Amino acid sequence: MTVSTVVPAERREALAERFGGVLTGPEDAGYDDLRRAHNGMIDKRPALLASCRGAADVAHAVRFAKEEGLEIAVRGGGHSIAGRSLVEGGLVIDLSLMRGVDVDARARSARVQGGALWSDVNRETHAHGLAVTGGAVSSTGVGGFTLGGGLGWLLGACGLACDNLREAEVVLATGEIVRASEQEHTDLFWALRGGGGNFGVVTSFVFELHPIAEVVGGLIAHPLEAAGELLRFYREFTADARDELEVFGGLVHAPDGSGLPLAAVVLCHAGAPEQAEADVAPLLEWGSPLMSEVGPMPYPVMNTLLDADYPRGALNYWKSTFVRGIDDELIDTLVDRFHSCPTPSGAILFEHFHGAVTRIDLQATAVPHRSTSYNLLIPTVWQDPATTEACIHWTRETYDAAGPYRADGRWLNYYADDDGGARALEAAYGPNGPRLAEVKRRYDPDNVFHLNHNILPAAAG
């Protein structure tokens, strides 16, 4: 497609006549605010942002972009670390006006519009004593999170967000609006559960909800000198953790702004309070923590505990990989690397895959990561642009240092732009790759939706 930087006034008017939302171009007030991403490293100038109010607006915007030869980016919550929800000189289908959440408490389900944030979902579902696996940071968008799989505090108890998806309304590359579920457009429904934004614009999701209102959660932090021992204990403790207990462990900086490096675990127990007390006790009793803030809380509060560490506008560069295990040598390598972290907002984390997420067949959804395992995440965040080169360099070197311990899997939602390509897709989708390419050929043969971790359409015939 050709890239345009200006949409002629008469063509914009033609779209406006049939568009119920708001059109914003470089000449309009509010353009600079609207084009900003959560990741402050992203600085793209779209030719037009189409803020939609419903599926009809999305369909009109898709057809218009194709008529004008404009590349299409789709933005829900805008958390894309790689900035794939914006486009230079193209058209952004912006779903930020579509944040409705409609809960059916009797059916234990919620219909969620494509621009909603997890804070929106948590607020509405909690009012009914219900929940579903959502983002560990509450400002994360529902759309990109779910389409990428969706790992969070409830993955052991309830599976991934995509495992709880029951229906999706999708605007296809033709502008057609369809419903995908286990009853209709079944291949599309399969692909949406982990295949990303490759197949269309999802304007609403229907999730199955679970009777979870209160959890036991919080942070336990130890001196960095105890990091090696703590991570070894974390490895042994999580080896037989209950489904209801999710624990992330790793290396962080103090949340008080001091920049003090720490070893820590963050935990969430979604089971009965008396069981939570027994299950969490070994974590509370281990060592001599500098900070131990664990207790009962509403589930939506659990999903805000990390918010301050990932503020909108901060600079972000992330790397991640599944590892074969938490070997002693890997622990020592990561602890050594953390001593040279150039930002007081850097972290190295292990995310534990276990429980419900591992009891789903690896080909039941597009997500093949169904074995008990650990995902290693290096989410580097900083505020001073002068440290950008140092922060990116440290993140890459730390990721490379973990190379001997990597497993084959990759979690695409954590990928930066330089992590793309066929090898990344193969690591992310494994045996599900060929089927995803076939679904892409059927629903988007011209690869209209390609500003993503792009799955190429399978060759015809």
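On a predicted model such as this, the values are computed, not experimentally measured, just so you know. Count residues from 1 along the sequence.
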Inset, instruction - Return yes when atom CG of D408 has more than 12 non-hydrogen atoms of other residues, nucleotides or ligands closer than 6.0 Å, and no otherwise. - result: no

Legend entry - Main-chain N/O of G271 paired with E244 side-chain donor or acceptor, under 3.5 Å: no

Legend entry - Backbone of R84 reached by a side-chain donor or acceptor of S80 within 3.5 Å: yes

Legend entry - Donor-acceptor contact present, side-chain H253 to main-chain G346, <3.5 Å: yes

Inset, instruction - Check whether any side-chain N or O of N164 sits under 3.5 Å from a backbone N or O of C158 as a donor-acceptor pair, and report yes or no. - result: yes

Legend entry - Presence of salt bridge, R423 and E426, under 4.0 angstrom: no

Inset, instruction - Could you tell me whether R359 and D163 make a salt bridge, using a distance below 4.0 angstrom between a side-chain N and a carboxylate O? - result: no

Inset, instruction - Kindly state each residue pair satisfying ring-ring contact (aromatic ring centres under 6.0 Å, His included) with at least one member in residues 16-43, sequence neighbours excluded. - result: H38-H79

Legend entry - Short side-chain donor-acceptor distance under 3.5 Å, S119 and S138: no

Legend entry - T186 side chain to Q183 backbone, donor-acceptor under 3.5 Å: no

Legend entry - Salt-bridge criterion met for K440 and D446 (N-O under 4.0 Å): no

Legend entry - V201 and V170: CA distance, side-chain angles, deciding distance, side chain to side chain contact (heavy atoms under 4.5 Å, CB included) verdict: CA-CA 5 Å; V201 184; V170 190; 5.9 Å; no

Inset, instruction - Look only at the side chain of H128 and the backbone of L130, and say whether a donor-acceptor pair between them is shorter than 3.5 Å. - result: no

Legend entry - Aromatic centroids of W394 and Y399 separated by under 6.0 Å: no

Legend entry - Closest non-hydrogen atom pair between G77 and L117, with its separation: CA-CD2, 3.7 Å

Legend entry - R75 and D94: CA distance, side-chain angles, deciding distance, salt bridge (charged side-chain N to carboxylate O under 4.0 Å, His left out) verdict: CA-CA 5 Å; R75 182 170 68 180; D94 172 42; 3.4 Å; yes

Legend entry - Closest non-hydrogen atom pair between W118 and V132, with its separation: CZ3-CG1, 3.7 Å

Inset, instruction - Please confirm whether the backbone N or O of P457 pairs with a side-chain atom of N447, one donor and one acceptor, at under 3.5 Å? - result: no

Legend entry - Plane angle bin for F322 and F353 - parallel if under 30°, tilted between 30 and 60°, otherwise perpendicular: perpendicular

Legend entry - Charged N-O contact under 4.0 Å between E67 and R11: yes

Inset, instruction - Report the distance from atom CG of L172 to atom CG of L188, rounding to the nearest 0.5 Å. - result: 6.5 Å

Legend entry - Ring centers of W411, Y374 separated by less than 6.0 Å: no

Legend entry - Step-by-step side chain to side chain contact (heavy atoms under 4.5 Å, CB included) determination, V323 to F350: CA-CA 9 Å; V323 291; F350 288 106; 4.2 Å; yes

Legend entry - Pairwise distance NE2(H60) to SG(C52) - rounded to 0.5 angstrom: 10.0 Å

Inset, instruction - Look at the side chain of N454 and the backbone N and O of L451, then say whether any donor-acceptor pair between them is shorter than 3.5 Å. - result: no

Inset, instruction - Mind listing the closest non-hydrogen atom pair of S85 and G78 along with its distance? - result: OG-CA, 3.9 Å

Inset, instruction - Could you tell me whether the side chains of D444 and N198 share a donor-acceptor contact shorter than 3.5 Å? - result: no

Inset, instruction - Show your working on side chain to side chain contact (heavy atoms under 4.5 Å, CB included) between E246 and H352 and close with a plain yes or no. - result: CA-CA 7 Å; E246 186 61 38; H352 186 207; 3.5 Å; yes

Legend entry - Residues D57 and R18 bridged, charged N to O under 4.0 Å: no

Legend entry - A390 versus P342, closest heavy-atom pair with distance: O-CG, 3.7 Å

Inset, instruction - For the pair R99 and D120, find out whether any cationic side-chain nitrogen is under 4.0 Å from an anionic carboxylate oxygen. - result: yes

Legend entry - CA sep, side-chain torsions, deciding dist, call: R396, Y317, side chain to side chain donor-acceptor pair (under 3.5 Å): CA-CA 9 Å; R396 289 173 173 169; Y317 187 81; 3.1 Å; yes

Inset, instruction - Before giving the answer on salt bridge (charged side-chain N to carboxylate O under 4.0 Å, His left out), spell out for D307 and R312 the whole-Å C-alpha distance, their side-chain angles and the decisive distance to 0.1 Å. - result: CA-CA 9 Å; D307 283 10; R312 180 176 174 82; over 6 Å; no

Inset, instruction - Please answer whether the main-chain N or O of G175 pairs with a side-chain N or O of R63 as donor and acceptor at a distance below 3.5 Å. - result: yes

Inset, instruction - Under the salt bridge (charged side-chain N to carboxylate O under 4.0 Å, His left out) rule, what do E438 and R441 come out as? Steps first, then yes or no, please. - result: CA-CA 5 Å; E438 285 295 334; R441 180 179 64 82; 2.9 Å; yes

Inset, instruction - Could you tell me whether the side chain of H354 and the main chain of L245 form a donor-acceptor pair under 3.5 Å? - result: yes

Inset, instruction - Determine, for R35 against D43, whether the closest basic-nitrogen to carboxylate-oxygen distance falls under 4.0 angstrom. - result: yes

Inset, instruction - Decide, yes or no, whether a salt bridge links K44 with E88 under the criterion of side-chain N to carboxylate O below 4.0 Å. - result: no

Inset, instruction - I would like to know whether F64 and V7 meet side chain to side chain contact (heavy atoms under 4.5 Å, CB included); could you show each step before the answer? - result: CA-CA 11 Å; F64 177 81; V7 175; 3.8 Å; yes

Inset, instruction - Go through the side-chain N and O atoms of R410 and T321 and say whether any donor and acceptor fall under 3.5 Å apart. - result: yes

For residues 144-153, run the donor-acceptor check on the side chains, cut-off 3.5 Å, and write out each pair with its distance to 0.1 Å, sequence neighbours left out.
| residue | atom | partner | partner atom | Å |
| --- | --- | --- | --- | --- |
| T146 | OG1 | V142 | O | 2.8 |

Legend entry - Note: E27-R12 ion pair, threshold 4.0 Å (strictly below): yes

Legend entry - salt bridge (charged side-chain N to carboxylate O under 4.0 Å, His left out) evaluation trace for R193 with E182: CA-CA 12 Å; R193 289 175 288 168; E182 292 286 8; 3.6 Å; yes

Inset, instruction - Evaluate whether atom CD of E389 has more than 12 neighbouring non-hydrogen atoms of other residues, nucleotides or ligands under 6.0 angstrom away. - result: no

Legend entry - R179 and E184 ion-paired at < 4.0 Å: no

Inset, instruction - Give a yes or no on whether a salt bridge exists between D32 and R45, defined as a side-chain N under 4.0 angstrom from a carboxylate O. - result: yes

